[in-house]
J.: 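Would you mind keeping the following structure in view while I ask a few things?
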Amino acid sequence: MRILVTGGSGFLGSHLSEKLVGFGHDVICLDNFYTGHRNNIEHLVSKSNFELVRHDVTFPYYVEVDRIYNLACPASPIHYQANPVQTTKTSVHGAINMLGLAKRTGARILQASTSEVYGDPEIHPQTEDYWGRVNPIGIRSCYDEGKRCAETLFFDYHRQYAVDIRVARIFNTYGPRMHPKDGRVVSNFIVQALKGEDITVYGDGSQTRSFCFVDDLIEGLLAFMDVDKGFPGPINIGNPTEFTMLELAESVLKLTNSASRLVFKELPQDDPKQRKPDISLAKEKLSWEPKVQLNEGLLKTIQYFSKLDLK
Ligand code: NAD
Ligand code: UDP
Ligand code: UDP
């Protein structure tokens with residue numbers, strides 16, 4: 001199959017592209033390199049079934065493909081908040097262009113949505129029928145509302161034009177190829193521990209997240225793309241094992257044998273207090289659940305960061 005992966009040189013996109021190339025598909029990796037890096041897909045560039053395209057999804061793109069994975073969008077708060085107008089444009093105009101492309105070509109299209117559509121949730125764990133609690137005018141809104149609007153567009157193209165859509169709500173995912181300066185908690189803690197710098201815990205560290213190792217996440221996305229027509233989602237893809245940020249910091253310190261100290265910094269505005277996916281639907285519809293435990297995934301991620309030049 002001919003498969004377009006937008007955001008293909010980013011953290012998740014590069015792992016997905018690698019898998020799809022390995023399966024023998026013709027992969028077009030589209031990216032504007034805002035947070036993605038050529039290093040992530042360097043090993044694929046010489047393959048005859050891989051093509052790298054520098055393009056911004058907010059502009060139309062014409063190509064003939066069978067499937068589209070729409071991952072283009074910065075995912076880390078520091079990056080999506082650096083240019084919030086561009087973040088909303090990427091989610092909204094990007095979705096319109098990729099849906100227009102899917103409509104014209106008849107391609108099946110998967111949207112990388114997010115647990116952020118639930119905002120700071122009152123329902124715990126989060127099920128897909130929960131509508132969320134999102135601030136429409138805060139500093140996270142460009143990402144949260146952009147992704148919510150993208151979901152709306154996906155479902156309207158599905159209802160209005162019968163586009164074959166898949167909306168995956170991805171929960172916090174970590175692993176090799178996260179950018180060391182990406183600003184997300186797992187990469188921050190590991191890099192700080194390896195460099196012997198202070199571990200920056202925001203707030204009192206009692207807020208929770210549920211971390212999914214990248215290999216598990218990619219298996220979930222592939223399974224969702226492959227299920228029969230008629231199941232558009234939305235579906236939660238993530239690991240339901242929940243940790244506080246303090247517990248995460250302790251695990252990272254232990255696994256890196258680091259003497260770094262914890263320092264407490266101000267909690268960012270609208271930072272969700274708790275997050276954990278209910279993955280019953282993914283188990284039922286995709287026969288999928290994550291296999292990699294946090295310590296095992298952290299070790300693989302630590303090994304990756306240990307080999308980098310972390311200046
Ligand atoms: P990432 O920042 O590493 O990758 C995003 C990629 O999109 C980068 O390569 C970036 O250069 C590219 N991009 C950004 N704006 C673009 C534009 N306008 N045109 C073309 N390319 C553009 O982030 P990631 O963790 O790989 O996330 C991938 C997708 O998954 C994102 O849509 C994100 O919202 C979603 N997601 C990720 C997580 C997670 O924990 N990693 C959780 C929920 C949702
Ligand atoms: N589009 C695209 N590639 C395509 C087909 C469409 O980028 O192969 C863009 C097109 O520029 C348009 C958007 O997708 O702005 C939405 O397309 P749609 O057909 O839904 O809308 P229309 O063209 O009727 O406004
Ligand atoms: N966080 C932290 N220290 C850091 C980076 C993040 O304590 O150096 C916290 C952050 O406040 C949030 C959690 O870790 O409560 C997850 O943050 P991340 O940016 O990774 O993802 P998101 O908030 O989008 O889930």
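Along the sequence shown, residues are numbered consecutively beginning with 1. For ligands, and for the atoms within them, numbers begin at 1 and follow the listed sequence.
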J.: Could you identify the single nearest non-hydrogen protein atom to atom 36 (N) of ligand 1 and state the distance to 0.1 Å?
T.: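 Checking every protein heavy atom, the shortest distance to atom 36 (N) of ligand 1 gives Tyr143 OH, 3.9 Å.
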J.: List, by chain and number, the other hydrophobic cluster members for Leu267, where Ile, Leu, Val, Met, Phe, Trp and Tyr join if side-chain heavy atoms come within less than 4.5 Å, directly or indirectly.
T.: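 Joined to Leu267, directly or through intermediates: Tyr202.
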J.: Could you see which bit of Asp56 sits under 4.0 Å from ligand 1, with heavy atoms only: side chain, backbone, both or neither?
T.: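 The answer is both.
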J.: Counting from 1, what ligand 1 atoms have a heavy atom of Tyr34 closer than 4.0 Å?
T.: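 Close to Tyr34: 11 (O).
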J.: With heavy atoms only and a cut-off of under 4.0 Å, state how Lys89 meets ligand 1: side chain, backbone, both or neither.
T.: neither
J.: So does Glu219 pair up with Lys19, basic N to acidic O under 4.0 Å?
T.: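 A salt bridge links Glu219 with Lys19.
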J.: Would you kindly specify which portion of His55 sits under 4.0 Å from ligand 1, judged on non-hydrogen atoms: side chain, backbone, both or neither?
T.: backbone
J.: Just which atoms of ligand 1 are under 4.0 Å from any heavy atom in Gly10?
T.: 3 (O), 4 (O), 8 (C), 9 (O)
J.: Pick one of side chain, backbone, both or neither for how Gln86 approaches ligand 1, counting any non-hydrogen atom pair under 4.0 Å.
T.: side chain
J.: Would you call Arg209 and Glu242 a salt bridge, taking side-chain N to carboxylate O under 4.0 Å as the test?
T.: no
J.: For ligand 2, what are the residues with a heavy-atom contact below 4.0 Å?
T.: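 Under the 4.0 Å cut-off, ligand 2 touches Pro60, Tyr61, Tyr62, Ile96, Asn97, Gly100, Leu101, Lys103, Arg104, Tyr157.
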J.: Tell me the contacting part of Thr200 for ligand 3: side chain, backbone, both, or neither, using a 4.0 Å heavy-atom threshold, strictly below.
T.: both
J.: Quick one: are the ring centres of Phe224 and Phe231 less than 6.0 Å apart?
T.: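 Yes.
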